[in-house]
> 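So that we are looking at the same thing, I have put the structure below in structure tokens.
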Amino acid sequence: KQEVTQIPAALSVPEGENLVLNCSFTDSAIYNLQWFRQDPGKGLTSLLLIQSSQREQTSGRLNASLDKSSGRSTLYIAASQPGDSATYLCAVSNQAGTALIFGKGTTLSVSS
Amino acid sequence: GAGVSQSPRYKVAKRGQDVALRCDPISGHVSLFWYQQALGQGPEFLTYFQNEAQLDKSGLPSDRFFAERPEGSVSTLKIQRTQQEDSAVYLCASSRLGSTDTQYFGPGTRLTVL
């Protein structure tokens with residue numbers, strides 16, 4: 001059974017700092033990995049999707065990497081801002097390609 | 001264009017009542033997913049539709065949970081004889097293809113069972 005783990009569970013940083021969020025998964029047979037952002041009381045917003053054949057994806061200040069063989073992904077956020085404060089969720093597709101398996105998330109707080 | 005919408009946004013039910021939660025996906029999206037998110041946890045998969053066909057319902061926790069998408073667009077998640085452990089946020093997502101494509105999530109329905 002696929003399990004997704006995110007470390008740390010919570011992170012507080014001052015504005016301007018670069019940071020890395022970690023995600024690991026137990027079964028390397030995935031179609032893709034996605035990073036989402038969730039603001040309190042709201043749904044999820046997709047940030048980046050990395051196909052299983054890719055190594056990384058970039059969008060603005062965000063960069064996500066994927067090492068499928070070791071079951072790891074990282075989300076790098078450059079020059080963090082208070083508006084980046086949210087919970088970040090990592091998810092991998094199941095083998096059937098019919099669902100996403102989520103981690104519990106990392107709650108990020110960026111102080112000004 | 002319009003995103004995924006869900007209604008109601010909040011629902012309070014007494015234990016034993018039946019509830020129905022609605023999801024309107026993005027127009028033209030073939031795939032629709034339901035997830036359950038307990039407080040402090042990541043979403044957990046419930047069921048998946050491709051058009052009107054329910055191709056995966058392996059995540060439904062019991063036979064009290066039932067989902068349908070009769071015309072391949074709007075979907076309804078029904079929970080019969082609600083119990084306190086059903087209290088959670090129910091999220092709906094849609095995508096152009098399956099989970100291999102980006103999923104777009106609605107705001108969720110927060111269900112509280114008293």
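Proteins get letters first, then strands, A, B, ... in listed order; numbering begins at 1 in each.
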> Between S95(B) and D101(B), is there a donor-acceptor pair closer than 3.5 Å when you use the side chain of the first and the backbone of the second?
no
> Below 4.5 Å from any heavy atom of chain A, which atoms of Q6(B) appear? Answer side chain, backbone, both or neither.
neither
> Indicate, with yes or no, if the rings of F45(B) and F102(A) have centres closer together than 6.0 Å.
no
> If I measure from the heavy atoms of chain B, does Q6(A) come under 4.5 Å with its side chain, its backbone, both, or neither?
neither
> Which bit of L91(B) is near chain A, if near means a heavy-atom gap under 4.5 Å: side chain, backbone, both or neither?
side chain
> Of K11(B), R81(B), R64(B), R15(B), which is the lone residue that meets salt bridge (charged side-chain N to carboxylate O under 4.0 Å, His left out) with D86(B)?
R64(B)
> Are F105(B) and F33(B) close enough that their ring centers fall under 6.0 Å?
no
> At a heavy-atom separation under 4.5 Å, does L89(A) approach chain B through its side chain, its backbone, both, or neither?
side chain
